[in-house]
Amino acid sequence: MPGLGVRGRRHRGETGMASRYAIGPSIGVARLGNSPDDFYLEPDAIAALPIECDKQGNVVHDGGRPRRVTQFKDPQGRVKRQGAYFRVFRIDDSQPGGVEVTLDDPDVASMQWTVHLANKKACWYNFAELEGNLLYGEQNSYGNKDVPLRNADKQGTTARRELIIDPGPRSLSGRTQRTTFGKDTVPPSYEFASFPRPVTIGDQITTLGDMLTDQAGRLIVLGGFGRSGGDQPISSFAGANTWHDDISDGPVSCSITFKNGTAIELEAWCVVGSPKFAPEIANVVTLDDTMYDVAVRHFETEPSMYSGGAYNPTYVANFERDIKPILERPAAYRWVANVPSMNSLSPPMFDARDTSTANAPLRQAYFALFREPSPENAISAASNTLFAPGGFPLMPLNSGSNSVSNTMIDKFLTLTQTQYFLLGQWAAGKFSVTAPPPVDTVTALSRGSVGNCVGGPFCPGIEVTWSTRNPNIYNGALRIRHRHPQQWYDAHGLNPDEDETAAPLGCEPGDLTKRMAIPWQADFFQCSVQYINFTDPNINKSDGIPTPPTYYAYWWPPQSPWVVITGDETAALQSAAGTPAGFQVLYTRGINTFGQMISSWHYMGFILNRTSSEFREVFPYFTEQERDHGAFVAAAVAVGDASNVVSGTDQNFSNVWFMVPPPPSQAPGHGPATPAAVSFASARRHGRQALRDD
C-alpha cells in the first residue's frame, strides 16, 4: 500500500532548512509478560520477529543488523515483555526518508519523554458486540441500546473514576533513565491516581509497567505483567464485574530543546496488548489495514486512489505492496489453525503477477471468492454469506464482528474497503509488478508496529476494537488524536464517561483498550474458533447455542492459535509433552477453564519458524516452542463405543492434558513454573484418575 506521508512539527535549524520532526512509530505496541527483568523491542515490520536488546533497551546487533528474538521466555520459563520502541526522526529535502535524532545529535540540548498509561475497562460499558458503535448511527449508542455499565453499582463521577487504573504521568529526560507506572511512584502533583482495591481471586495490580531510555535517549515503554484479579466467577469471554487487568494505553510526547534555544513537542500513542504467541504470522486483516483504510477514506492520504467519496477506477495497484499480502497471508494460518480451504486458495494456483488478458478470468474468479465489504454505516448481506456460487467458502474464513448474539449480526469477516478495492483493481488487470516506491522511516515503523495487531474481526478483538474504524479518534493517518494536554489531566483527572468516538475530540489515556474483555485472558481463552450458523441471516444462537447448521470458523489464529504442530525433538521433551514431533495438537491443551487461563497463560508456547537457513521465508516450518510441559500432565482417557463408553474389552485411548495443581504456597500465576514432569507412559496409566481430579 502507498506510504502515508509524515506529518510532524516543523522546525528551522541552524542551516535555515525547514525540517519536520516526528516520533516513529506514531503508535507503538508493547505486550505483557510475567518476566520481571527480561524484555525485547517490538518488530519493525509486519510479521517480523521482534528485536533483541539489553536490559537498558539498547539494540543488540549481529553484523551491523539488529538481532532478532528467538527465545520468548527467560531462563526461568517466564514470558518476556515486549517494549514499545519510540524514536524521533527529522525529515527534510535532503533526507526525505528521515534521519534519526537522538541526544548524540549536535543540535539537540535535551529530550524529555512523557507517558500517561491508564486502564479504563472497569468504568466503561459492558461489551455488547457491535452495540455502541456510532458508525452505525446515534440510534446505536450505548444509551439508546440500554447497554449497562460495568460495575454499575458504582455511581457518580468520583466513584466511577476510582474504577480506572490511573498511575498518572511519568517523565524521563536523559540517557539510561528508568521509572515505573507503579502505585508507589505516583507524582506528588497528580491527585487522581487510582489502583484496584484488594481482590479475592487472582492478583492485585499495583503497576502498569515501566518506561526507560536507552544510551542515546530513545524511549522504551513496557507494559504490565499479565496480572488480573477480581471477586466474581467468570463465565463469558467478555469477563465479569469487579475484575481488573494490567492492559493499558495512553499518550506519548517528546519535548525536544535545541541548542539554539528553540523547542518542539511531538506526539505519539502507546498500546499495551497481550502476548502475540505466533509473532511471525500476520492476520488477513491487520490493524494497519484497518487504520490505513480510515486514512484513505477520511484523511485524503491517497487522493489518486480515493477522493470525493469514491475510489478512482483507473488507479493502478502495486502487486508487491497492495496485493501480495492479501494473497499470501491466508496460507500462514495453516500453522495455527486447520483450514484446508485457505490452503487451497493461498497462494493462488496460477501466476498472480501475470497482467495479461489471458490470465484475467483466473484473477476475476479468485476475486469473486472474497466477500464484498459492508458500507461503513450498515451490515450488508455479504458479511452474512458463507459460500460462493460455485460452493467454495468465501474469504476471509474468519468470524465476523458479531457471530455470537442476535443483535446486529455480522457473521463473517470481510476485507477492508480499501483492501477489497485494490484486489478488484488486480482482478481487472490494473496493477503493476514493479518495485513499490520507498516510504519514509516513520511511516514504515508505524505500519510495522500496528500491522502485527488484529484489524478484524472486532468482537471485541485482542489489542483494540472497532473504535479504530472511527475517524474521530485520529489526527491524521495512523496518528491518535490527544484529547487534552497533560496539564489538563493534572487539574481534572481522567473522564470515566466520555465516548471518544462521538466527536473528533481525541482520546484520553485508556480509551483505546477500555472496550476490551476484562480480564484479557477471558477473551483469549474462549475466542479461538466459532460455530457460525450460515443459513439464517437473522439468527446466530438459540438459547445460547449456535443454531445448526453451523460452519467452523476462526477468530484471530495468529494471536490466539487453535491447533499447532509440536516441535519437541528430544526423548526427554517428548516424554514430558506426551506427543511426538510433528503432531497437530490443541494449542491450549491442559488449560480447561477461565481460571486456569488467568493463572497459567504464561505456560503456553510460542509458534515460530524453525527453518534457520537463508530460505526460511521460502520454506517455512512453524512449530510450537517453549511450552512449559512441566505445568501439565499428559494423559490418555479410555473410551468405548456409543453403547459402552468404557469397557475392558473395547477401548481406545484419546490424548488429553491437565494442569498440575500448584503447591498451596504458590500464588496463582506467579512463582516457579517448573513442577515435576510426568511421563506419557505414566499418564496413560493414570489418565482416569487425572480426569476425576480435574
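When reading the values below, keep in mind they use all heavy atoms of this one structure, side chains included, and skip hydrogens, waters and symmetry mates.
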Atom pairs and distances, donor-acceptor, side-chain atoms in residues 340-347, under 3.5 Å, two or more places apart:
| residue | atom | partner | partner atom | Å |
| --- | --- | --- | --- | --- |
| S346 | OG | L327 | O | 2.5 |
| S346 | OG | E328 | O | 3.4 |
| S346 | OG | A331 | N | 3.0 |

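- Side-chain contact of N338 with W562: a donor-acceptor pair under 3.5 Å is absent, judged by distance alone.
- Between the side chains of S560 and S528, a donor-acceptor pair is found at a separation under 3.5 Å.
- Using modelled atom types and a 3.5 Å distance limit, the side chains of N283 and T286 yield no donor-acceptor pair.
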### Query
Passes ring pair (Phe, Tyr, Trp, His ring centres under 6.0 Å), Y40 versus F72? Steps please.
CA-CA 9 Å; Y40 52 81; F72 286 79; 5.4 Å; yes
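- In this structure, CZ on F367 lies 13.5 Å from CE on M395, to the nearest 0.5 angstrom.
- With respect to the salt-bridge test (charged N to carboxylate O, under 4.0 angstrom), the residues D38 and R81 do not qualify.
- With no hydrogens or angles considered, a side-chain donor-acceptor pair links D293 and T418 at under 3.5 Å.
- Using modelled atom types, one side-chain atom of N452 and one backbone atom of A45 make a donor-acceptor pair closer than 3.5 Å.
- Considering only residues two or more places apart in sequence or on other chains, R178 meets the side chain to side chain donor-acceptor pair (under 3.5 Å) condition with none of them.
- For the pair L386 and L397, the minimum side-chain heavy-atom distance is below 4.5 Å.
- Shown here for N609 and E280, the closest heavy-atom pair between the two residues is N-OE1, 3.0 Å.
- The shortest side-chain heavy-atom distance between I591 and M659 falls under the 4.5 Å cut-off.
- Q419 and D289 share a side-chain donor-acceptor pair at under 3.5 Å.
- For the atom pair F370 CZ and T414 OG1, the distance stands at 11.0 Å (nearest 0.5 Å).
- When each of T579, I607, I565 is tested with E624 by the rule side-chain contact (heavy atoms from CB on, under 4.5 Å), just one qualifies, namely I607.
- Inter-residue side-chain proximity for L219 and V115 is flagged as met; some heavy-atom pair is nearer than 4.5 Å.
- Between Y551 and F387, the ring planes are perpendicular. Angles over 60° get that label, and only those under 30° would be called parallel.
- In this structure F392 satisfies the ring pair (Phe, Tyr, Trp, His ring centres under 6.0 Å) test with no other residue, sequence neighbours excluded.
- Salt-bridge annotation for D44 and R68: present, with a side-chain N of the basic residue lying under 4.0 Å from a carboxylate O of the acidic one.
- For R227 and D246, the salt-bridge test fails: no basic side-chain N is under 4.0 Å from an acidic carboxylate O.
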### side-chain contact (heavy atoms from CB on, under 4.5 Å) between Y85 and D214, worked out
CA-CA 10 Å; Y85 187 39; D214 71 1; 4.0 Å; yes
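- Between E463 and R31 there is a salt bridge, with a side-chain nitrogen of the basic residue lying less than 4.0 Å from a carboxylate oxygen of the acidic one.
- Taking the centre and axis of the six-membered ring of F632, the NZ or CZ atom of R627 falls inside the cone set by 45° and 6.0 Å.
- Legend: residues meeting side-chain contact (heavy atoms from CB on, under 4.5 Å) with R67, ordered by chain and number and at least two apart, are E52, V60, D62.
- A search for side chain to side chain donor-acceptor pair (under 3.5 Å) contacts involving W555 returns Q530, not counting sequence neighbours.
- Between R610 and E569, no side-chain nitrogen of the basic residue sits less than 4.0 Å from a carboxylate oxygen of the acidic one, so the salt-bridge criterion is not met.
- Ring planes of W426 and Y366: perpendicular class, angle over 60° (limits at 30 and 60°).
- Residues passing the side chain to side chain donor-acceptor pair (under 3.5 Å) test with T434, sequence neighbours excluded: S432.
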